[in-house]
Amino acid sequence: MKSTEIKHNVQNLIDNFSKEEFVFDLLVAYGISKTSVTRLKKGDYNLSKVDGELLYKKKIFYKVEASDKLLSSIEEVAKEERILKQQPRFAILTDFKQLVAKDLKLGKNLDIQLKELPNYFDFFLPLAGSEVYNASNNNEADRNASYKMADLYDLLIEENPAIYNSKESIHNLNIFLSRLLFCFFAEDTEIFKDKSIFTDTLAQHTAESGKDTHLFLNDLFDRLNTENADHLPEYLRKFEYVNGGLFGQKIASPIFTSKARKTLIELGDLNWSEINPDIFGSMIQAVVDKDYRSDLGMHYTSVENILKLIKPLFLDELYDAYENATTINQLRALIKRISKIKFFDPACGSGNFLIITYKEIRLLEIKILEKITDLEGQSPTIKWTEIQLSQFYGIEIDDFAHEMAILSLWLAEHQMNKVFEERLFDYGKSKPILPLKEAGQIKQGNATRRDWNEVCPISSTDEVYVIGNPPYLGYSRQDETQKEDMKIVFSRVNNYKKLDYIACWFYKGTNYIQNTKAKYAFVTTNSITQGEQVALLWPLVLSKGQEIDFAHQSFKWTNNAKGNAGVAVVIIGVRNIDGTDKFLYNQNLKQSVKNISPYLANTSNVYVIPRNKTLSKLSPMIKGSSPGDNGNLLLDQEEKDKIISKNPITAKFIKRYIGASEFIKGTNRYCIHITEDNVKEAYKIKELAERFEKVEIFRLNSKKLATKKKAETPHFFDEDKHQEGEFILVPQTGSERRNYIPIGYFDDSYVPSNATRVIYKVQPWLFGVISSRMHIVWVKAVAGRLKMDMQYSNTLCYNTFPFPDITNKQKENLNLYVFAILDERAKHPSKTMAQLYNPTTMPKGLLQAHQALDTAIEQCYRLQPFKNDTERLEYLFKQYEEMLQKDTLFAKQKQSRKKK
DNA sequence: TATCCGACAGCAT
DNA sequence: ATGCTGTCGGATA
């Protein structure tokens, strides 16, 4: 079945709507056979025993729900085991006005008016057996053009190698390319009156050798900058005056070869009207940046994601104002307001946020004008657009991208003018595009160092929206310039060095909007809302009378780049406190909330600060041992067998090595772990001595002083924390999917790696505390993340964890539950921890043992059971605050006593 | 200065 | 697409 057919079916079902038949019609619309649906209706296929529910294996769960419960109910359904057992792809709830659905495989949500369903029909396409169609082919025109531009670029560079000799000539080349692109667009999209005028004239007036191509282009670009062309030859007079912005500066065109000229003409022959200025700019940007060449436009932000930011920031509110305006005066006032708003992207790249915003604002204006026209009746007084490109401000560090942003805004203006004419000027009234009158206010520069107020001046009454997707870089990936940027931006702040580079934009954004009506919102790495960065960044923002007014919780960033890791991002909007509604989005579910904490949760603003001692009375936890060896002190099974068979005595220098991966996947790894008194003996073994030497060389080459020093003892780990006796092991990184943290128990024949956290000299009940649901709820809330997966930390997760003092008797009781868990694990010796703790394959007995432990742990806190994780977390946060208060009080007393 | 630890527009399978 | 490494700079005592 084709997707257009399905869309048609869905429209049909809405047009002939029946409450009783709705869900059945829906299934039929997506191509489920009539016989199956009949059997479902009769009840044969319905696996739910609850009245009014429909549970169709591997397909859907459906229920009619009260309006006020739709959103809460869908979250419950998504967790209910009896439902998940049947693996429905979708959960669908409706009150026949609204429809809320969840894709249980992808975790995506849908929350729409039922009558809008035909517009969102693709959400349920997997029901028809096809995954949602992949949009990657849609950009083929952009891709082809970009690759061809890359060819031309390479040819020009080859013929004009001197271009790279100065910054100025690179800049000139950028402008030159930008002018070519403008001409390609102009001749295909009626900006130039005659179609193909650029390519045709070029082909006719230049020699095949390419030798005079640059002269032709010099003359042509001069002409495009000249208002009065009377004195020029006829072939140039045919062109129009464009303006003094794009063509103002006199630049010598690069020399062409015959191949370059041919490529230029081929480029002109492409159909540029199909090219989409939203993303083309980002792709073409890759042309001049060789590193990105293979992944054209890797970092461009999709329209979908841009809307996720601009809708809650301003567009939704403007549309509300539009809906509520009923008189011509009100509507005109709204246009006036819109025409005064400033949109500012201080990391604008090739301008996608500004372009999409521009288009959306123009569309809104068209709608307002249509409404005015309706009200005015017979003789509408339509004016030209009030929206100016000069309302759009940007800063971009990359010179070429900044040229592309300026160009793309012109093209977007032209595109929207066409839409404007089509929708409003049925009488053929039009306005000449050329000469281009004004441009967006895009400045080239480093946004972390420039004064934003100078780029986009702001007064206390100005309506300004700051938007964008600035660069993210964790502190260890920043280069020297970026570190210097951080130093300048945070010159008045202590303890900023571990912040992500993007924190510069948040801090400057906060200073920029202070005491104004402006707001800002950025797409950002989720790192600044998790782990240790939260308490570093957010006090700087929230202490200035500002608040998070909307946020999208973590979602996976998708880009077309090959070989590039995914990254999890959030979208955060900040404003000066104003007491109006706040919205928290999870996937596409929108929830009105009382507060949005810096962790992007609906709780008060509590900061969990890393501690080096436990808050509760628990044994100390430390990081595992770090080899710092470039792999030379570590052995896999094969290497170990080989080395021992050759020289059996080495066995005494080898211990088992256990990291998160070895523990979770059940693989074997070994390490060379020797003590002070057998160093000499170890060096006698050739294989070991060779490895030590490699370690020494590696450490000497390190930038870090401490590591260089450790080159003196290459036979030891860089940081050896190993102790005698048994220990509990917690993997540093673990999948987000698990409901429990898999914890291990090992003896000292194992050395735990730096990818673990361990507790030596331990009692079993502590194993129970860390394995508990209470603990993972806490960890999920406060831990840092790698993508979406948890990063367990002793200082942040364990040392901060509030756990009550318990009696020895309680401890002994907990021990029993821990033994039960270990027993259950032992029943499955062939299964890895990954299998045991995968929520879909977890053995029932193990799950039950964990649940029994959970109850016992929770009773240490209070007798009344917890209803859900939200309640658990609330309780834990409260405990944390109380215990922290007592702790600091105690510390102060201690200090004052010392002073006496 | 010695010691300890979180993070990763990531990295490997 | 899943799921965790190892090296590094920064902070603390």
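Labels below follow one simple rule: chain letters A, B, ... track the order of the sequence lines, proteins then strands, and each chain is numbered from 1.
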Residue whose closest nucleotide on DNA chain B lies nearer the 5' end, A:Lys710 versus A:Cys797: A:Lys710
Sugar-phosphate only, base, or nothing, as touched by A:Lys721 at under 4.0 Å among non-hydrogen atoms: sugar-phosphate
Test of ring centre spacing under 6.0 Å for A:Phe123 and A:Phe90: yes
A:Met788 CE - C:dC4 P separation (whole Å): 15 Å
A:Tyr496 ring center within less than 6.0 Å of A:Tyr507 ring center: no
Sugar-phosphate only, base, or nothing, as touched by A:Arg611 at under 4.0 Å among non-hydrogen atoms: nothing
Stems formed with participation of DNA chain C [Watson-Crick or G-U wobble, under 3.5 Å, three or more pairs]: B:1-8 with C:6-13, B:10-13 with C:1-4
Integer angstrom distance from the C1' of B:dC8 to that of B:dA12: 14 Å
Backbone N/O of A:Pro627 and side chain of A:Asp718: donor-acceptor pair under 3.5 Å: no
Sub-6.0 Å ring centroid separation between A:His850 and A:Tyr837: yes
Contacts of A:Thr840 that satisfy side chain to side chain donor-acceptor pair (under 3.5 Å) - sequence neighbours left out: A:Asn838
DNA chain B: 5'-proximal contact among A:Asn799 and A:Leu473 (nearest heavy atom): A:Asn799
Pairs satisfying side chain to side chain donor-acceptor pair (under 3.5 Å), at least one member in residues 696-711 of chain A, at least two apart: none
Selection: residues 729-737 of chain A, any non-hydrogen atom under 4.0 Å of DNA chain C: A:Gln732, A:Thr733, A:Gly734, A:Ser735, A:Arg737
Axial cation check for A:Phe555 ring with A:Lys308, 6.0 Å and 45° limits: yes
Side-chain N,O (A:Lys709) to OP1/OP2 (B:dA2) below 4.0 Å: yes
Sugar-phosphate or base contact per nucleotide [nucleotides 7-13 of chain C; S, B, -; heavy atom under 4.0 Å]: BSBSSSS
Touch class at under 4.0 angstrom, heavy-atom based, for A:Pro620 against every strand present: nothing
Pairs touching residues 624-634 of chain A that satisfy salt bridge (charged side-chain N to carboxylate O under 4.0 Å, His left out), sequence neighbours left out: none
